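Read the structure below first, then the notes.
Start at 1 and go down the list; that is how both ligands and their atoms are numbered. Being a predicted model, the structure only gives us computed values, none of them experimental.
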Amino acid sequence: MTPESLYEKLSKIIVDHPLCRYSLEKCRSLAPSINRILELKQEKNAVILAHTYVHPDIVYGVADHVGDSYALSKAACQTTADTIVFPSVRFMAETAKILNPDKTVIDPNPNGGCSLADSIDEKTVLRLRDKHPHHTFVCYINTTAAVKAASDICVTSSNVYRILEKIPNDKIYFLPDQYMGENAKNWLKKRGIEKEILVYPGSCYVHEEFEPEAIDLLRMQHENAIVIAHPECKPEVIAKADMIGSTSDMQKFVEERQVEKRPFLLLTECGVASRVNAEVPEARLVGGCTLCKYMRSNSLAAIEEALENPKPHQLIDIEPSIRKRAAKTLERMFEYAK
Ligand code: 13P
Ligand code: SF4
């Protein structure tokens, strides 16, 4: 890859944050590492899966698949590569390993936490199960392998509403995102479906920051704006949004609706805005830029080092009985999402 070809893509990103902007000089400094990673991928028959929130130099420089959690788990199921490198957050790399026990899965991120995945452990789920024996335990994909193993069904932001609707039990315990659980409950209620959905009090520190007042203010400035929100946002925010969806659904929606020439407000991490700038440059975006510190801890340098010679903590290893139970929880999601 030449610095010029990288710059051609990255220069379209006009999101107002220094970490999202690229000069030709910056692309020149990144090109050697990108080219080394591309060589290493071939040598090791490796594939790189990256979430939309990681830095655009990873998205457009080295990634083979970029998308939301659901699309990336599907890509992990389908790959024929021997090694999966997953520069995103730990639970995503763990999910790839749950689905591919015989492959080498590498997480190069030195800080791959997630405020949702870190908010609950297996013991807490087991304690809650004892307390609510008649509830179906549904976990968001943003959970550790052990929490998935202790749950019945997994969901992602792209299928949570429909899966909660389909589950043949009116009593559901949803964890760990309290807002997503409440949003799902409200969505079902609007469709005339009453389910008892208990929620665990976790939240995403990025999405929790969006406030309904900010939407009102923005609508005053841009009357015809289209507001698109991620289901991790608070119910008061969701109530004011025109569209709710996963990060991939948000981008697809902008692609479809940009012909209307109305401005879009994206209530999610700034990676979606960067991808819209690069891939749908005619779409006009309004609003600020919010970054997830965990996703943004990924770097080309760490990917290169991990591909060259992974350190033990970068190699995902899951205890076999946990892996098997977590795989069942994910398989049920794939079944329900059909
Ligand atoms: P998506 O599956 O919609 O990409 O969401 C993942 C995530 O972590 C959002 O904060
Ligand atoms: Fe986790 Fe929130 Fe970051 Fe998504 S944006 S990875 S939910 S902390």
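Any N or O atom pair closer than 3.5 Å counts here, and Thr156 shares no such pair with ligand 1. Not one N or O of Ser246 is nearer than 3.5 Å to an N or O of ligand 1, by distance alone.
SG distance check for Cys270 and Cys289: under 2.5 Å.
Between Tyr140 and Phe91, the gap from one ring centroid to the other reaches at least 6.0 Å.
At least one heavy atom of His207 sits closer than 4.0 Å to an atom of ligand 1. Ligand 1 lies within reach of His51, whose nearest heavy atom is under 4.0 Å from it.
Summarising the geometry of Leu99 relative to Phe334, their closest heavy-atom pair is CD2-CE1, 3.9 Å, with the distance given to 0.1 Å. In plain terms, the two heavy atoms of Gly202 and Leu116 that are nearest each other are C-CD2, 3.9 Å. Taking every heavy atom of both residues into account, Glu304 and Arg36 meet most closely at OE2-CG, 3.4 Å. For the pair Ala337 and Ile163, the tightest heavy-atom approach, listed with the atom from each and the gap, is N-CD1, 4.2 Å.
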* To do: Check the pair Lys261, Glu282 against salt bridge (charged side-chain N to carboxylate O under 4.0 Å, His left out), reporting the backbone distance first and the verdict last.
  => CA-CA 8 Å; Lys261 301 282 169 225; Glu282 55 284 12; over 6 Å; no

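With atom 7 (C) of ligand 1 as the reference point, the heavy atom nearest to it among Glu269, Met92, Glu232 is part of Glu232.
For the pair Lys185 and Phe174, the cation does not sit on the ring face, since its NZ or CZ is not both under 6.0 Å from the ring centre and inside 45° of the axis.
Side-chain atoms of Lys171 do not come within 3.5 Å of backbone N or O of Leu198 as any donor-acceptor pair. The main-chain N or O of Val147 is found under 3.5 Å from a side-chain atom of Ser151 such that the two form a donor-acceptor pair. Ser33 places no side-chain N or O within donor-acceptor distance of the main-chain N or O of Leu30, the cut-off being under 3.5 Å.
The ligand atoms of ligand 2 that sit less than 4.0 angstrom from a heavy atom of Tyr53 are 4 (Fe), 5 (S).
Of the protein's non-hydrogen atoms, His230 NE2, 3.3 Å is the one closest to atom 5 (O) of ligand 1. Scanning all protein heavy atoms for the shortest distance to atom 6 (C) of ligand 1 gives Ser69 OG, 3.4 Å. Given atom 1 (P) of ligand 1, the protein heavy atom at minimum distance is Ser157 OG, 3.4 Å.
Counting only protein atoms, the N, O or S atoms lying less than 2.8 Å from atom 2 (Fe) of ligand 2 are Cys204 SG, ordered by chain and residue number.
Proximity of Asn142 to ligand 1, defined as any heavy-atom pair under 4.0 Å, is confined to the side chain (atoms from C-beta onward).
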